[in-house]
Each structure stands twice: as structure tokens, then as C-alpha cells.
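These notes concern the structure reproduced below.
These numbers were taken from a predicted model, which means no experiment stands behind them.
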Amino acid sequence: MTALGASSAPVSAVRSRRLSLTSILVPAATAVTILALALLPLLTSWFMHPALDAAESAAWLGSTRVAAYEFSDMTVHDLVLGGDFQAIDFVEGTTGQALYYTPDEVSHMRDARSLLYAFLALASISAVFLVASLARGRDRGATWRSVGRGARGLAVGVVVGGVIGFFAFEPAFELFHRIFFPGGNWAFDPRTSRLVQLYPYVFWEIAAASLGAIAVALAVLTWWLSRRRATANSAAVLDR
């Protein structure tokens, strides 16, 4: 009996560590995956064009709305698909000035692309991990509950961050850039910078609010779905 008890203790400890690790990783992976899904619509023209209009980007640029759309579309194309941002150069608008990025702006956009790629890579890994955990986990009910905790935690975090951002958006915006762009190539003069004129503060306020709203909606939906799935799996276990 003593030998049996001694041999079963390590097995129990290993299971406990696995459960503890899962209870941490699954919620984190859930939050990252939801954030990535919420971000993707913001990279489309369906969001970008109305947001540019709301931010009055064309007026900042001194160009037409169509020129602002085209300038932004090329920027997003290079951001997502890996362009060099240096080919974005054309003459358009009511004043006929050229719309292009300076070397410092190009450097910043390349850093932004690296950050985007890193986040999307992390989100892809997180999504694969979630699918694998739900497909192979022995206690899927517990896994679904962990998914629900991650979704609930993200929703609460986004709401709290939204309240802070509502009252202090500019300091939060600056803090974000200081953390993720420590090289300092993010402070531009709005009087001369095409990047800032195309995407002024108002644009980023709209983008942040939209990202938060989509993330909260997806998180609430995921939390609701995870509760249903956890209950269904628990009932299936009891029926066996």
C-alpha cells in the first residue's frame, strides 16, 4: 500500500501542474485570439474609409477624400503584405502636393509592421493551442470554463482600459508608443508629417473605440458560448 501511495503521488502532482498550467494558458490564449479577431476588421477599407472621413484626414492633408483613401489603402497594403512604404508617392489633391512618407515615417511604419506581425503570430499560436486543448482535453468542461474566464477577463480589462482612455487618451497613446517603439521614431510634427495628417488623433480614438467595442462583443459571445459548452460537457460526463 505504501509503494502504491508513493507511486500515485507523482502522477497526481503532474496532473495538478498540468491543470494549473492550462488554467493560466487557456484564458491568456483566449484573450489574445479574441483581440486579434477584433483587430482584423480594422485593417479593411470598410472601416478605414469611414474612419478617415470622421477624422477629417483629407482636410489635414489638403487633399480630396479619394486621395486620402488611396494613400491609406496603399499604406495598409504595405503594412499587411510587406511593402517597403517607399513606393507610396503620388501627386493628388486640391493643392496638387505630393503625398509620400519621409525616411523617419517609413522607419516607424516598418516597426509598426514588425509589431503587427509579432502579435498576429502570437494570436495564431494561441488559436492553435486553444483548438488543440479543446480537441484533446480529457475534461473539456474545465477547458471551456477556462475559455470563459479568459473572455470575461478580456471584456473587463477592455472596459476598464476604455474608461481610462476616454479621460486620458493622449497620455495612454504616448505610453503605448514609448513601450512598443522605444527607439523614439514615433513623434512627428502634425504640421508637416503626412503620417500624422492621414491618421490624426481623432482617427486613433475612433480605432481604439472600435477595437474595444468589437473585442467586448466577441468576448461576451465567447463567454456565453463557453458556459453553454461547459454545461453540456458536464452533463455528458454525468450521463456516462
Search all heavy atoms of [X] against all heavy atoms of [Y] and return the closest pair with its distance.
{"X": "S226", "Y": "G148", "result": "OG-CA, 3.1 Å"}
{"X": "T143", "Y": "V26", "result": "O-CG1, 3.9 Å"}
{"X": "L35", "Y": "A215", "result": "CD2-CB, 4.2 Å"}
{"X": "I206", "Y": "A54", "result": "CD1-CB, 3.4 Å"}
{"X": "T33", "Y": "A127", "result": "OG1-N, 3.5 Å"}
{"X": "A36", "Y": "A123", "result": "CB-CB, 3.3 Å"}

Is a side-chain donor-acceptor pair under 3.5 Å present for [Y] with [X]?
{"X": "S146", "Y": "R149", "result": "yes"}
{"X": "R113", "Y": "Y117", "result": "no"}
{"X": "Q197", "Y": "S57", "result": "no"}

Joint cluster assignment, [X] & [Y], ILVMFWY side-chain distance < 4.5 Å:
{"X": "I125", "Y": "L25", "answer": "no"}
{"X": "V131", "Y": "L37", "answer": "no"}
{"X": "M74", "Y": "V196", "answer": "yes"}
{"X": "V163", "Y": "F176", "answer": "no"}
{"X": "F167", "Y": "V159", "answer": "no"}

About how many Å separate [atom2] of [Y] and [atom1] of [X], when rounded to the nearest 0.5 Å?
{"X": "L39", "Y": "L116", "atom1": "CG", "atom2": "CG", "result": "6.5 Å"}
{"X": "F85", "Y": "T102", "atom1": "CZ", "atom2": "OG1", "result": "12.5 Å"}
{"X": "T75", "Y": "M109", "atom1": "OG1", "atom2": "CE", "result": "6.0 Å"}
{"X": "W223", "Y": "R228", "atom1": "CH2", "atom2": "CZ", "result": "12.5 Å"}
{"X": "L198", "Y": "L52", "atom1": "CG", "atom2": "CG", "result": "5.5 Å"}
{"X": "Y69", "Y": "S63", "atom1": "OH", "atom2": "OG", "result": "10.5 Å"}

If you count heavy atoms of other groups shown closer than 6.0 angstrom to [atom1] of [X], is the number above 12?
{"X": "R110", "atom1": "CZ", "result": "yes"}
{"X": "H49", "atom1": "NE2", "result": "yes"}
{"X": "E56", "atom1": "CD", "result": "no"}
{"X": "F166", "atom1": "CZ", "result": "no"}

Answer yes or no: is there a side-chain heavy-atom contact under 4.5 Å between [X] and [Y]?
{"X": "R191", "Y": "W60", "answer": "no"}
{"X": "P41", "Y": "W46", "answer": "no"}
{"X": "V147", "Y": "P27", "answer": "no"}

Practice problem: Return the orientation label for the H108 and F181 ring planes: parallel under 30°, perpendicular over 60°, tilted otherwise. | Solution: tilted

Quiz item: Under 30°, 30 to 60°, or over 60°: which ring-plane class applies to Y101 and F71, parallel, tilted or perpendicular?
Solution: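 Parallel: the ring planes of Y101 and F71 meet at under 30°.
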
Quiz item: Does W224 sit in a hydrophobic cluster with other residues, and if so which ones, taking ILVMFWY side chains as linked at heavy-atom separations under 4.5 Å, directly or through other members?
Solution: L221, L225

Practice problem: Would you check, one step at a time, whether the test side chain to side chain contact (heavy atoms under 4.5 Å, CB included) holds for L42 with I214? | Solution: CA-CA 10 Å; L42 273 61; I214 297 172; 3.7 Å; yes

Exercise. Please lay out, stage by stage, how Y100 and R194 fare under the test side chain to side chain contact (heavy atoms under 4.5 Å, CB included).
Key: CA-CA 7 Å; Y100 60 90; R194 297 299 186 209; 5.6 Å; no

